[in-house]
Novice: 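The structure is given below, and queries will be raised subsequently.
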Amino acid sequence: MTKNLVIFTSSFPYWTPTESSFIMPELDALRNKFDNIIIVPERASGTICNYTESLQGITVDDSMSRLPYSRHRLLKASHLLNRKVMSLTLSDLSTYSNINQLASGLSFNINAVCFAGCIERLMKRHALRPDNTLFYTFWFDHITSALALLCDKLPLNIITRVHGVDLYDFRVTYRSAKLRDFTMSRLLKVYCASDTARRYLIERHPSHSAKTVMSHLGSPALLTDLPTPAGNGNDITFFSCSRIAAEKRVHLNYRLIRALAISRPDMNFRWTHIGTGDKLASLINEVTHQCPANLSVTIESDRIDNENVHQFYHDNRVDWFMLMSETEGGVPVSICEAMSHGVPVIAASSGAIPEIVDSSTGLLLSHDPDDNEFLTAINRFIGGRETVGTLRVNARERWRNSFNSQQLRDSFASEISQLLP
């Protein structure tokens, strides 16, 4: 029997720095297990030309992104009095603490109902049958709930992944526990990007623990024939890549490295960050006015795709990768990338990060590290009492054994293809 897979994304294959790095490594594996693959982005902007080869044989249906109410939120107001929207909203009435939560819950419900109709039309357009089609949402959001609502009409086969903002309740203004529980009751599997995420979800929805499983994303083996060489000890290079946003705490990277440079005027330090975001201007301002002479800082806000990140590792010596995120739902792909090049990691103990960073692969700091904690940890290696070389070997092996996305995605594709008869 022909097997069809419909993947719902936020915007992929239209270019995004984060989602593309999550999905691209998965396509080849999925293509080997399904006869037809349709990718459905909710939003479309920019170009998909960079993905032409990867999308060979895959259909991109951007009908959802072209809906008037996808582009103009005010047009969704006509659904305010929809019977299903009202029922979902009123059922949670006692759980709203303020008007913002009510507005957030109402918006989610409208999205779920609107897109349920869109998905039904998509099925007719592609002549998709419920019995030979697997619906896969890359984020556990309103599209997932839209599919769940359709199960009242059609026996759909649905799976979802869950990451960070779509996992932690504190990351959003409001999330309906009742609607999420209903949605999970209609799913075949919920794939969490870390064991930490899996435990969090099971704690809140214990009745669905059997279908809540862990599936790491990992990173691909790009330009990793040889680990990058270690430095000479007198010139230390730090590297980081992420959105420059409040939850990523890129400012903390700089402040810790700055403290190190000030404490060791006899050495030279270099920090390169690849990424952009709403905190970019304030970070540049801080670096401009507070940078010591023995610290060189480069912020590249226009080279943020993953190919450039791997190329940076390939072309430059990197001694340490840093990530000070306040929260992480899954094991960060950026850490997997660093370890694939044999680069040890300095990270805050947030979310699932301890699942990959420990004393054998880098420096795992507390959730809110201060200068003294960082300096004490890194000076063990600068002072020569411990060797970075061992960390580099261990980091590479940790990636090879547990976070190589080719192995992880092949296994994932095989598993989900067996969910169809």
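One-based numbering along the sequence shown. What you see is a predicted model, and the numbers here were worked out from it, not measured in a lab.
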Novice: Are the side chain of H289 and the backbone N or O of N285 linked by a donor-acceptor pair below 3.5 Å?
Specialist: yes

Novice: If you look at every heavy atom in E337 and C241, which pair is closest and at what distance?
Specialist: OE1-SG, 4.4 Å

Novice: Considering the options R396, R392, H310, which one meets the side-chain hydrogen bond (donor to acceptor under 3.5 Å, both in side chains) requirement together with H341?
Specialist: H310

Novice: Taking all atoms of both residues into account, what is the closest heavy-atom pair of P344 and V388, and its distance?
Specialist: CG-CG1, 4.0 Å

Novice: So do the side chains of T160 and I158 get within less than 4.5 Å of each other, counting heavy atoms only?
Specialist: no

Novice: Using a 6.0 Å distance limit plus a 45 degree cone around the ring axis, check whether R180 lies over the aromatic ring of F140.
Specialist: yes

Novice: Any salt bridge (charged side-chain N to carboxylate O under 4.0 Å, His left out) involving residues 89-105? Give me the pairs, sequence neighbours left out, ordered by first then second residue.
Specialist: none

Novice: Would you check if F135 and L150 make a side-chain contact, meaning some heavy-atom pair closer than 4.5 Å?
Specialist: no

Novice: Would you sort out whether L260 and N379 count as a side chain to side chain contact (heavy atoms under 4.5 Å, CB included), showing the intermediate values?
Specialist: CA-CA 9 Å; L260 176 61; N379 276 327; 4.3 Å; yes

Novice: Looking at R31 and D28, is any side-chain nitrogen of the basic one under 4.0 Å from a carboxylate oxygen of the acidic one?
Specialist: yes

Novice: Can you list the residues that meet the side chain to side chain donor-acceptor pair (under 3.5 Å) rule with Y200, with sequence neighbours excluded?
Specialist: R204

Novice: Indicate whether any N or O donor in one side chain lies under 3.5 Å from an N or O acceptor in the other, for T137 and T144.
Specialist: yes

Novice: Would the number of heavy atoms belonging to other residues, nucleotides or ligands and lying under 6.0 Å from CZ of R270 be above 12?
Specialist: no

Novice: With a sphere of 6.0 Å drawn around CD of E397, does it hold more than 12 non-hydrogen atoms of other residues, nucleotides or ligands?
Specialist: yes

Novice: Do any N or O atoms from the side chain of D278 and from the backbone of A245 form a donor-acceptor pair under 3.5 angstrom?
Specialist: no

Novice: Has the side chain of S194 got a donor or acceptor atom that lies under 3.5 Å from a matching backbone atom of G329?
Specialist: yes

Novice: Could you tell me the separation between the SG atom of C118 and the CD atom of E42, rounded to the nearest 0.5 Å?
Specialist: 9.5 Å

Novice: Can you pull the salt bridge (charged side-chain N to carboxylate O under 4.0 Å, His left out) pairs that have at least one residue in residues 285-294, sequence neighbours excluded?
Specialist: R255-E286

Novice: As a quick check of understanding, evaluate side chain to side chain contact (heavy atoms under 4.5 Å, CB included) for I244 and I299, giving each step before the final call.
Specialist: CA-CA 10 Å; I244 305 177; I299 300 173; 4.2 Å; yes

Novice: Could you work out, with side chain to side chain donor-acceptor pair (under 3.5 Å) as the rule, every residue matching T95, not counting sequence neighbours?
Specialist: Y174

Novice: Between A395 and M339, which heavy-atom pair has the shortest distance, and what is it?
Specialist: O-CB, 3.4 Å

Novice: First locate atom CD1 of I378, then atom CD1 of I257, and finally report the distance between them rounded to the nearest 0.5 Å.
Specialist: 8.0 Å

Novice: State, to 0.1 Å, how close R161 and D166 come at their nearest heavy-atom pair, and which atoms those are.
Specialist: O-OD2, 3.6 Å

Novice: Please check if the side chain of E19 supplies one atom and the backbone of T9 the other of a donor-acceptor pair under 3.5 Å.
Specialist: no

Novice: Donor-acceptor pair, T376 side chain versus N372 backbone, under 3.5 Å?
Specialist: yes

Novice: Rounded to the nearest 0.5 Å, what separation is found between the CD1 atom of I236 and the CD1 atom of I382?
Specialist: 3.5 Å

Novice: Mind listing the closest non-hydrogen atom pair of K279 and A246 along with its distance?
Specialist: CG-N, 3.9 Å

Novice: Hey, is the main chain of M214 close enough, under 3.5 Å, to the side chain of R198 for a donor-acceptor pair?
Specialist: no

Novice: Looking at CD1 of I346 and OG1 of T361, how far apart are the two atoms once the value is rounded to the nearest 0.5 Å?
Specialist: 11.5 Å

Novice: Applying ring-ring contact (aromatic ring centres under 6.0 Å, His included), name anything that partners H163, two or more places apart in sequence or on another chain.
Specialist: F22, F138, W139

Novice: Less than 4.5 Å apart, side chain to side chain, heavy atoms only: is that true for C114 and H142?
Specialist: no

Novice: Ring-plane angle category for Y168 and F170, please: parallel below 30°, perpendicular beyond 60°, tilted otherwise.
Specialist: parallel

Novice: Looking only at the side chains, is there a donor atom on one of T272 and E300 sitting less than 3.5 Å from an acceptor on the other?
Specialist: no

Novice: For S91 and L88, indicate whether the former's side chain and the latter's backbone hold a donor-acceptor pair under 3.5 Å.
Specialist: yes

Novice: Verify whether the ring centers belonging to Y136 and F412 lie closer than 6.0 Å.
Specialist: yes

Novice: I'd like to know if the side chain of H216 pairs up with that of S402 as donor and acceptor (distance under 3.5 Å, no hydrogens or angles considered).
Specialist: no

Novice: Considering only heavy atoms from C-beta outward, does the side chain of Q290 approach that of Y254 to under 4.5 Å?
Specialist: yes

Novice: Using side chain to side chain contact (heavy atoms under 4.5 Å, CB included), reason through V162 and C192 one step at a time and then give a plain yes or no.
Specialist: CA-CA 5 Å; V162 62; C192 303; 3.5 Å; yes

Novice: Is it the case that more than 12 heavy atoms not belonging to M86 sit under 6.0 Å from its CE atom?
Specialist: no

Novice: Does any part of the side chain of N316, heavy atoms only, come nearer than 4.5 Å to the side chain of F239, both counted from C-beta?
Specialist: no

Novice: Strictly by salt bridge (charged side-chain N to carboxylate O under 4.0 Å, His left out), give each pair with a member in residues 356-366 just once, sequence neighbours left out.
Specialist: D358-R398

Novice: Any sub-3.5 Å donor-acceptor pair from S107's side-chain atoms to A103's backbone N or O?
Specialist: no

Novice: Would a 4.5 Å heavy-atom cut-off, applied to side chains only, mark F108 and T173 as touching?
Specialist: no

Novice: Nearest 0.5 Å, please: how far is CZ in R317 from CG in D235?
Specialist: 5.0 Å

Novice: Could you report the tightest heavy-atom contact between Y14 and R43, atom names first, then the distance?
Specialist: CD1-O, 4.2 Å

Novice: Do the side chain of R409 and the main chain of L30 share a donor and acceptor less than 3.5 angstrom apart?
Specialist: no

Novice: Side chains of N109 and T89 only: does a donor on one sit below 3.5 Å from an acceptor on the other?
Specialist: yes

Novice: Check whether any side-chain heavy atom of E328 sits under 4.5 Å from a side-chain heavy atom of I335, and report yes or no.
Specialist: no

Novice: So, N4 versus N36: side-chain donor-acceptor pair below 3.5 Å or not?
Specialist: yes

Novice: Any non-hydrogen side-chain atom of F182 less than 4.5 Å from a side-chain atom of L149?
Specialist: yes

Novice: Go through it in stages, so that I can follow the logic: the residues are W320 and V343, the test is side chain to side chain contact (heavy atoms under 4.5 Å, CB included), and I'd like the CA-CA distance, side-chain angles, deciding distance and then a yes or no.
Specialist: CA-CA 6 Å; W320 299 91; V343 176; 5.5 Å; no

Novice: Is a side-chain N or O of K211 found less than 3.5 angstrom from the main chain of M184, in a donor-acceptor match?
Specialist: yes

